[in-house]
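Here the structure is laid out as structure tokens; the discussion comes afterwards.
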Amino acid sequence: MKIGHSGQGTDSLQQKNHLFRFLRYLASYKGSIILAMSCALVASICYLGPIQILEDTLDSLKELEGFNQSTQPVSIRFFDIENIYKGIDITLANVEDALHFFFSLLAGFLILVFVRGFFVYGSDFLMERVGNKLSFRVRNDLYEKLVSASLGTLSEHHSGDVMSRVTDDVRMLQQAVAATTLIMREIIHVTVFSAVLFYKNVQMTIFSMLVLPIVAYFISRIGTRVRKASTEIQERSSDIYSQLKETLSGINIIKSFTAEKNEIERFQSVTSSQYNSAIRRARFASLLPPLIEWMGAIGIATVLGLGCWNVIDGKFSIGEFTSYFVMVALMYKPIKTIGSVNNVLQQSLASAERIFPLLDLEREAGSESDGKHELSNVQGTVQFQNVSFAYQQRPVIKNVSFTAQPGEIIALVGPSGSGKTTLLNLLLRFYTVDSGIILIDDFPIDEVTLTSLRKNISLVPQGTFLFNGTVLENIGYGAPGATRDAIIAAAEKANAHGFISEMPNGYDTSIGEAGGNLSGGEQQRISIARAILKEAPILILDEATSALDTQSEAIIQKSLTNLMEGRTSFIIAHRLSTVMRANNILVINDGEIVESGNHTKLLEKGGLYHKLCQQQIFG
């Protein structure tokens with residue numbers, strides 16, 4: 001029992017924290033919000049004018065009953081507010097004067113409605129602008145957090161879930177601003193009307209408001225349930241995003257295994273779960289309006305009974321009772337609106353609970369330049385000294401030590417999953433070592449800025465990734481400001497100029513999403529050209545020729561040789577042709593260096609490297 005209460009208390013505390021953080025975001029636009037609420041206040045006050053006109057008109061009509069048959073002038077009073085303003089006495093000599101006066105009142109009535117509409121427009125526009133500014137800012141903050149976070153942190157979040165938070169949840173947060181606007185405006189409306197009602201008749205007003213605590217209770221209870229259901233809906237939306245992404249990425253695998261039916265059933269299971277949550281939310285949300293309607297009916301019935309009694313008792317005129325009754329009815333309308341809009345607000349705050357954890361992601365260690373050195377004039381000496389690293393408490397790299405001299409080619413070979421790629425990811429500081437130290441030119445890499453570190457390292461990854469843009473933009477991605485001639489020269493060195501020239505628009509051809517308009521070998525060569533253009537003193541080739549056929553690989557080997565000349569190069573490859581000319585071959589097994597040396601010496605040892613070579617040659 002204690003555990004349950006503790007969990008609820010924690011959830012409640014987190015919800016309040018997220019609400020306060022949301023309000024702090026809104027506080028940045030307090031000028032616009034104050035102006036919007038001022039407009040809402042003026043609009044509410046403007047509402048009182050037509051009601052006062054209605055009250056005085058009804059009381060005046062009693063005096064003017066049968067006026068067309070009278071020859072005596074009649075005096076009527078308008079805008080008489082007890083103890084505040086004595087009003088204006090109007091003397092009407094004949095029917096023509098009466099009609100002229102009431103037409104003037106009608107014009108004043110319409111002017112007040114127009115003025116009120118103008119201020120309502122101002123309030124809505126200002127808050128709509130705040131909502132758009134907020135979503136713009138939050139979405140940009142989220143993107144900055146994501147691209148600044150470490151790979152280890154990002155790997156803990158499913159891409160579909162992240163996409164859902166950045167798109168759907170931010171859009172819902174924008175709706176929270178609109179909901180907050182309506183609630184604040186209706187609260188102003190209720191406050192103004194309540195003050196006038198109390199001024200007119202304290203007893204009747206107290207009786208009419210006895211139902212408000214019950215209404216507030218229902219709004220709070222149902223709002224909590226709506227928020228919980230909304231959180232489930234957003235989570236299921238993340239699952240939908242994830243499966244859609246997986247389906248589009250692996251559609252060829254799905255079709256090759258004739259797994260369409262299984263995928264359809266899996267997708268229907270996710271959408272069915274979301275549907276059930278949506279129905280549950282709709283059930284709660286739909287319950288609130290009739291509840292408020294019933295409570296409001298009780299309040300209005302109370303006012304109607306007491307009002308009739310006061311008219312009979314002579315304490316209220318017909319006009320006063322009518323205006324009071326209209327104000328009570330108009331006061332219950334915004335209460336009903338608050339209840340309905342609160343459901344939307346709860347849905348939006350459920351999204352806030354999913355957004356703020358992403359906004360709390362820590363920046364990648366070393367991304368700040370405070371106290372860090374700039375790595376410049378790099379010669380290319382790289383040292384690993386007793387480096388160890390564990391991923392999710394599983395040891396991946398174990399006490400690795402080696403030195404790469406400037407211009408040397410270091411090849412890393414070993415079984416799949418032995419830690420080769422992870423080792424070089426530590427050099428790029430995609431991950432932080434648990435123990436040991438990595439140095440470049442005797443500078444520990446954890447003491448230099450990430451920007452300067454990565455500017456001095458070119459990477460051609462195993463999984464080639466290209467952006468949805470032109471060939472020119474993709475090659476020049478790592479060297480902003482590079483000239484077209486420099487980009488073409490890099491493509492020539494990567495043996496890519498030939499097929500690029502044959503494309504419809506040459507270097508200005510769009511390659512499609514993730515390079516979908518190119519073959520695997522063409523994608524890899526553009527990736528190599530991108531690394532060539534960067535001209536970094538340290539080079540990492542992670543299976544850089546894996547997507548090339550034997551003929552293409554033979555052609556590009558010369559380009560890679562030119563690229564590696566004078567650079568400290570690290571090569572991860574399974575093909576012997578790629579590693580045979582390495583100055584030093586590190587054989588990695590289970591996160592440890594088990595052998596090292598050149599190709600000839602390692603073959604003579606007859607160890608793991610010899611075994612790997614035999615497996616490649618003889619299958």
Side-chain angles (χ1 to χ4, degrees), residues 143-144 147-148 151 364 366-367 369 372-380 382 406-407 409 424-425 427-430 440-441 445 448-501 503 505-515 517-518 521-545 547 556 558-571:
Y143 189 81
E144 182 182 350
V147 298
S148 301
L151 288 182
E364 199 170 7
S367 56
S369 59
K372 302 290 184 181
H373 300 290
E374 290 291 324
L375 194 61
S376 58
N377 301 318
V378 173
Q379 301 301 309
V382 177
I409 299 173
L424 296 183
N425 282 340
L427 177 60
L428 282 159
R429 274 180 58 192
F430 288 160
I440 295 180
D441 292 353
I445 63 170
V448 302
T449 63
L450 274 180
T451 301
S452 66
L453 171 67
R454 292 173 182 169
K455 277 184 177 180
N456 285 283
I457 302 175
S458 283
L459 170 67
V460 181
Q462 179 179 4
T464 302
F465 182 82
L466 300 177
F467 297 90
N468 186 12
T470 65
V471 174
L472 192 78
E473 291 169 343
N474 272 278
I475 295 176
Y477 185 78
T483 64
R484 190 181 187 89
D485 289 341
I487 291 173
I488 293 174
E492 288 175 341
K493 290 180 181 178
N495 195 36
H497 180 70
F499 76 82
I500 294 173
S501 300
M503 297 175 77
N505 297 312
Y507 283 84
D508 298 312
T509 302
S510 177
I511 63 174
E513 185 178 0
N517 297 335
L518 302 175
E522 289 171 342
Q523 292 179 27
Q524 197 71 292
R525 278 178 275 176
I526 288 180
S527 181
I528 292 170
R530 186 164 59 193
I532 291 172
L533 184 65
K534 189 176 180 181
E535 295 186 337
I538 299 172
L539 178 68
I540 296 177
L541 303 174
D542 188 355
E543 300 284 1
T545 60
I556 206 173
K558 184 177 180 181
S559 301
L560 289 175
T561 301
N562 293 334
L563 168 62
M564 292 185 288
E565 186 176 354
R567 291 180 173 84
T568 305
S569 303
F570 295 90
I571 304 173

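By the side chain to side chain contact (heavy atoms under 4.5 Å, CB included) test, A486 pairs with T483, L533, sequence neighbours left out. Residues satisfying the side-chain hydrogen bond (donor to acceptor under 3.5 Å, both in side chains) criterion with S501, sequence neighbours excluded, are H497.
For the atom pair L427 CG and L453 CG, the distance stands at 6.5 Å (nearest 0.5 Å). Expressed to the nearest 0.5 Å, how far NZ of K534 lies from OH of Y477 amounts to 10.5 Å. One finds the CG atom of N456 at 9.0 Å from the CG atom of N377 (value rounded to the nearest 0.5 Å). Rounding to the nearest 0.5 Å places CE of M503 at 9.5 Å from OG1 of T470. One finds the OG atom of S458 at 12.0 Å from the CD1 atom of I528 (value rounded to the nearest 0.5 Å). Atom CG of residue L466 and atom CZ of residue R530 lie 5.5 Å apart, to the nearest 0.5 angstrom.
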- Task: Run the numbers on D542 and V460 for side-chain contact (heavy atoms from CB on, under 4.5 Å), then give the verdict.
- Result: CA-CA 6 Å; D542 188 355; V460 181; over 6 Å; no
- Task: Take E374 and V448 through the test side-chain contact (heavy atoms from CB on, under 4.5 Å) and record every step on the way to the result.
- Result: CA-CA 6 Å; E374 290 291 324; V448 302; over 6 Å; no
- Message: Assess the residue pair F570 and I538 against the criterion (side-chain contact (heavy atoms from CB on, under 4.5 Å)); give the C-alpha distance rounded to whole Å, side-chain angles, the decisive distance to 0.1 Å, and a yes or no.
- Response: CA-CA 8 Å; F570 295 90; I538 299 172; 4.1 Å; yes
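Taking each heavy atom of R567 and A536 in turn, the nearest pair found is NE-O, 2.8 Å. Taking every heavy atom of both residues into account, I475 and A491 meet most closely at CD1-CB, 4.0 Å. A pairwise comparison of heavy atoms in Q379 and P406 identifies O-CB, 3.3 Å as the closest pair. When all heavy atoms of G380 and T568 are compared, the pair lying nearest together is O-OG1, 2.5 Å.
In this structure, I511 and N474 have side chains that are in contact, with non-hydrogen atoms separated by less than 4.5 Å. Contact annotation: the side chain of I488 never approaches that of L472 to less than 4.5 Å [non-hydrogen atoms, C-beta and beyond]. Annotation: side chain of I540 is in contact with side chain of I457 (closest heavy-atom distance under 4.5 Å). Counting only heavy atoms from C-beta outward, the side chains of L428 and L459 approach each other to under 4.5 Å.
The stretch residues 464-491 participates, sequence neighbours left out, in these salt bridge (Lys or Arg N to Asp or Glu O under 4.0 Å) pairs: R484-D508.
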